Amino acid sequence: MSTSPQLEEFMNGLIRRNPGEPEFHQAVHEVAQHIIPFVEKNPKYEAAQILQRLTEPDRIVSFRVCWEDDQGQVRTQRGYRVQHSNAIGPYKGGIRFHDNVTQSILKFLAFEQTFKNSLTGLPMGGGKGGSDFNPKGKSDREIMRFCQAFMTELSRHIGPFTDVPAGDIGVGGREISYMFGQYKRIRNEFTGVLTGKGLAFGGSEIRVEATGYGVVYFMEDMLNHKGLKFEGKVCCVSGSGNVAQYAVEKITTLGGKVVTVSDSSGTVHDSEGINAEKLAHIKELKEVKRARISDYILKYPHAEFIAGRRPWHIPCDLAFPCATQNEINAEEAAMLVANGCIGVSEGANMPSEKGAIDVFQNARILFAPSKAANAGGVAVSGLEMTQNSMRLSWSRDELNQRLRTIMGDIHKRCVQYGADEDGHIDYLKGANVGGFVKVADAMLAYGVI
Ligand code: NAP
């Protein structure tokens, strides 16, 4: 972990002002370690206190969500929307339904989102929202009632020119549809207020695939930059949700071999590789049957299910953490490196703990931080907003091409700001500084607001 007296002083103040928010502290530290030296060399940002202002969200809305379960019992949950920065466009970022959702988690996600959205080159600010509602085991009608209750309050705070949420953990097409329907009912308007909508009502082709595809495109660019090829690489993927599924699909298309997927109960290790047919089965398990990933071995008994473990002890060339935050610790990172892993592309948000990042950076392997590697999802969300405004739909090919170009441009921006003197690319520094500059310049232009 890089540290300096200035960074330490800055972090001490941040921790004092935001007690009990470890994930937020972690995300800010990851960015501040690069931005503080950068603003010291560019005093205009320091004089305007840009970093200090960027670590205070524009606002946080927190609200009660009451709904009735199938037994007629009243349930009470907490909902949030963190509107972090609209310096370069309307707030934009997902909604997460998970029982571990806290204000700290949503603040870290919204903070990261601001930099990520800036990196895409599209005009989007950063936000994030969600609830401690746990969708696991809930019936369809319970999900619908919860989504409607959540949107009844959220609708006061969002709008196509104000804040445009999308999905995240626990919020997929079904939940977005229920929320969009409720917004439409309450406001009596059909506008692009959410992204990730169904294709029949304003959704975009490639949005479902975009994050997973983008994570793999970014890895492809990192490999190519070093003169390496994707073909034949053995890959460990974690998670088995939206991002993981489409990462697996794209890796396979590019000639890689995926040997793991996981969920919160454990890891599936399939040394023969997860091909298109097996992936279709995973999609059915997770999307249709809403089952656990351990059921994979019922159909493919040659594979192994390792209960309660994450995939990182399994040897691979490339790792794609696509489940959740802090899912790789320093020990697991060291195991990956020792087993010959040469690249990590983060599909989930902040999946690597600080200690794990240090291991990757010290080993000088290819390390793509989430704010760069998983920006493909929000990029296509941005394109969904454009299509909604223009009232037209682009084709799948056109959108995939645009996604590919955007990921390539993000890679170039990281190289521009992250190249060390010896030619090694520090993608973390590149993404942090590259994401910061555009937002900071907009804030400078607005004066003190
Ligand atoms: P998802 O479809 O809900 O899938 C989440 C996956 O992660 C599931 O396999 C889930 O397993 C696993 N998981 C969740 N919490 C976990 C925990 N505490 N420990 C271990 N595994 C856990 O969500 P997603 O959209 O793929 O999102 C995955 C990650 O990507 C998140 O960090 C999200 O913020 C990030 N992301 C998503 C998008 C997007 O477009 N969807 C865009 C950018 C970033 P269970 O089923 O057991 O919970």
Side-chain angles (χ1 to χ4, degrees), residues 23 27 92-102 105-106 108-110 112-113 115-117 119-120 126 128-130 133-137 165-176 194-196 203-204 206-215 218 237-249 260-268 282-283 285-287 289-296 307-312 320-329 332 345-352 368-382 384 403 407:
E23 295 86 0
K92 179 95 201 84
I95 292 176
R96 177 176 293 192
F97 292 162
H98 194 283
D99 50 6
N100 75 2
V101 161
T102 59
I105 288 182
L106 295 178
F108 112 65
L109 288 164
E112 287 278 299
Q113 195 81 45
F115 292 83
K116 182 187 309 189
N117 293 1
L119 278 171
T120 67
K128 200 85 186 188
F133 171 73
N134 178 6
K136 285 197 194 97
D168 190 72
I169 291 180
V171 177
R174 172 181 63 166
E175 292 76 15
I176 291 288
L194 292 170
T195 57
S204 175
I206 295 287
R207 175 61 190 92
V208 182
E209 297 89 341
T211 307
Y213 280 12
V215 170
F218 200 90
V237 173
S238 69
S240 48
N242 171 265
V243 180
Q245 289 170 16
Y246 291 98
V248 171
E249 184 181 308
T260 64
V261 282
S262 69
D263 67 13
S264 49
S265 58
T267 295
V268 164
I282 292 172
K283 285 184 187 168
L285 281 179
K286 298 303 279 188
E287 305 300 315
K289 298 190 173 152
R290 302 205 180 259
R292 311 305 298 152
I293 199 65
S294 49
D295 285 2
Y296 181 94
R309 277 201 88 174
R310 307 189 280 219
W312 315 125
F320 296 86
C322 296
T324 192
Q325 66 274 354
N326 291 330
E327 54 161 321
I328 306 183
N329 61 29
E332 290 165 317
S345 184
E346 294 188 330
N349 284 311
M350 208 169 71
S352 310
S370 51
K371 63 175 76 66
N374 75 18
V378 74
V380 175
S381 273
E384 183 173 331
L403 169 64
M407 294 313 297

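All ligand and atom numbering here is 1-based and tracks the order in the structure. Keep in mind that this is a model prediction, so the values were computed, not measured.
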Side chains of Ser238 and Arg310 in contact at under 4.5 Å (non-hydrogen atoms): no

Taking the side chain as C-beta and beyond, is there a heavy-atom pair between Lys128 and Asp168 under 4.5 Å? yes

Under the rule for side-chain hydrogen bond (donor to acceptor under 3.5 Å, both in side chains), what residues qualify as partners of Ser262, not counting sequence neighbours? none

Once rounded to the nearest 0.5 Å, what's the spacing between atom CD1 of Ile169 and atom CD1 of Ile105? 8.5 Å

Residue pairs meeting salt bridge (charged side-chain N to carboxylate O under 4.0 Å, His left out), one or both in residues 240-249, sequence neighbours left out, come to Glu249-Lys283

Kindly write out the residues that satisfy salt bridge (charged side-chain N to carboxylate O under 4.0 Å, His left out) with Arg174, not counting sequence neighbours, or none if the list is empty. Asp140

Can you name the residues that come within less than 4.0 Å of ligand 1, going by heavy atoms only? Arg96, His98, Lys136, Asp168, Ile169, Gly170, Arg207, Thr211, Gly239, Ser240, Gly241, Asn242, Val243, Ser262, Asp263, Ser264, Lys286, Arg292, Cys322, Ala323, Thr324, Gly347, Ala348, Asn349, Asn374

